[in-house]
Structure formats: C-alpha cells, structure tokens
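Below you'll find the structure, written out as structure tokens, and then a few comments.
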Amino acid sequence: MKPASIKKFDMLYLGSIVVGLIGFAFNYGDLVETTNAELAAAGVEGMGGGIMIGSLIFGIVINLALWFLISGLRIEFVKWILVLFAAWAIFSLATTFGLLSGLNLVFTLVGNLMTLAAIYFLFQPDAKAWFAEKRGGN
C-alpha cells in the first residue's frame, strides 16, 4: 500500500502534467507561431506544428515514465533524475521568464510549483520508508 506522501506525489505530479497539457492547448497558436518564426530564420518553413506536437508527446512520455518508475516500480534513484529535470526547468524558467507572458507564464509557474511540491513528498519519512521496503531495508 502506498503511503500518504506517495499518493500526494502521484496527485501533484500527474496534475502538473495535466496543467502542462492545458497550458499547451491554450498557448498552441503562439507556440507554433514562435517556432515557425525560428525555423524560418533557419531556412525551414512550416514545420512548427509538427515539432510542437512531437515535443509534447515526447515530454509526456518522459514524464509518465519517470512517474511510473518512481511510483509504480519504486525505483528510488529515479527521484534524483526527477530532481535534476525540475532544477533544469527552474533554471530554464529563470532564463526565459521575460519571454513568457499571460497564460503561458501562469501555466508554466503552476506546473513547476506542482512538480516541486510533488518532489517534496518523495523525501518525506513515510516515502523514504516505502522505498527502503523495496530495497529490503527496515
């Protein structure tokens, strides 16, 4: 049985993925427009929509795989990979903060905060004990 901290991790982390999907849907037009402009500058035209959908699918697969490895298979070291990804997301947000506006900024901030809160629950005593049980500790 999963402890309360892991259940909270599940809700917050999966919720952050949903927030990201909603944010993507609301900002799709702007994202494709920006991507098309960048691609046009590189001499490639009209592939922004495909690139954005591909990036979305790739991101969802990575996030769900991380969640499954942590919550489903109880592989503790994967939480550190998640910490690294979250740190990269915060660093990226800090460097691009001025470029984000409106709903894009709101969804990005909310999603990142939910991920950070989810990670917090992975380091709680009941979660640590749950991971230790899998290793044969305790």
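Heavy-atom basis, side chains included; hydrogens, waters and symmetry copies ignored.
- Within the model, atoms CD1 of Ile90 and OG of Ser92 stand 9.0 Å from one another, a figure rounded to the nearest 0.5 Å.
- Taking the six-membered ring where the residue is Trp, the centroids of Phe91 and Trp88 are separated by under 6.0 Å.
- Ser71 places no side-chain N or O within 3.5 Å of a backbone atom of Trp67 that could act as its donor or acceptor partner.
- Of all non-hydrogen atoms in Leu103 and Asn27, the two that sit nearest each other are C-ND2, 3.9 Å.
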Go through the steps for Ile75 and Phe131 under the test side-chain contact (heavy atoms from CB on, under 4.5 Å), then give the verdict. CA-CA 7 Å; Ile75 302 174; Phe131 284 120; over 6 Å; no
Where do Ile17 and Thr115 land on the side-chain contact (heavy atoms from CB on, under 4.5 Å) test, with the steps shown first? CA-CA 9 Å; Ile17 295 171; Thr115 299; over 6 Å; no
Steps toward side-chain contact (heavy atoms from CB on, under 4.5 Å) verdict (Leu109, Leu93): CA-CA 8 Å; Leu109 288 173; Leu93 177 62; 3.5 Å; yes
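- A side chain to side chain contact (heavy atoms under 4.5 Å, CB included) with Tyr28 holds for exactly one of Val32, Leu31, Asp30; it is Val32.
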Any chance you could lay out the salt bridge (Lys or Arg N to Asp or Glu O under 4.0 Å) test for Arg74 and Glu133, step after step, and finish with the verdict? CA-CA 9 Å; Arg74 292 164 75 168; Glu133 286 175 21; 3.5 Å; yes
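- Residues Ile119 and Phe9 come closest through the heavy atom pair N-CD1, 4.4 Å.
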List the steps, then state whether side-chain contact (heavy atoms from CB on, under 4.5 Å) holds for Met47 with Met52. CA-CA 9 Å; Met47 293 177 47; Met52 293 310 302; over 6 Å; no
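- Side-chain contact check for Ile81 versus Leu69: every heavy-atom pair is 4.5 Å or farther apart.
- Other residues, nucleotides and ligands contribute more than 12 heavy atoms inside 6.0 Å of the CZ atom of Phe24.
- For the atom pair Glu76 CD and Trp130 CH2, the distance stands at 10.0 Å (nearest 0.5 Å).
- Without hydrogens or angle criteria, Asn36 side chain to Gly48 main chain gives a donor-acceptor distance under 3.5 Å.
- Ring-plane geometry between Phe123 and Trp80 is classed as perpendicular, the angle between the planes exceeding 60 degrees on a 0 to 90 degree scale with a lower cut at 30.
- Annotation for Ala127 and Ile6: closest pair CB-CD1, 3.7 Å, computed over non-hydrogen atoms.
- Summarising the geometry of Asp10 relative to Lys2, their closest heavy-atom pair is OD2-NZ, 2.9 Å, with the distance given to 0.1 Å.
- Scanning all heavy atoms of the two residues, the minimum distance from Leu12 to Phe121 falls at CD1-CE1, 3.5 Å.
- When the side chains of ILVMFWY residues are joined at heavy-atom separations under 4.5 Å, either directly or via intervening members, Leu105 and Leu116 end up in two distinct hydrophobic clusters.
- Side chain of Asp126 to backbone of Ser5: a donor-acceptor contact under 3.5 angstrom is found.
- The shortest side-chain heavy-atom distance between Leu122 and Leu82 falls under the 4.5 Å cut-off.
- Rounding to the nearest 0.5 Å gives a distance of 14.0 Å between NZ of Lys79 and CG of Leu66.
- Atom OG1 of Thr108 sits about 4.5 Å away from atom CG of Asn104, to the nearest 0.5 Å.
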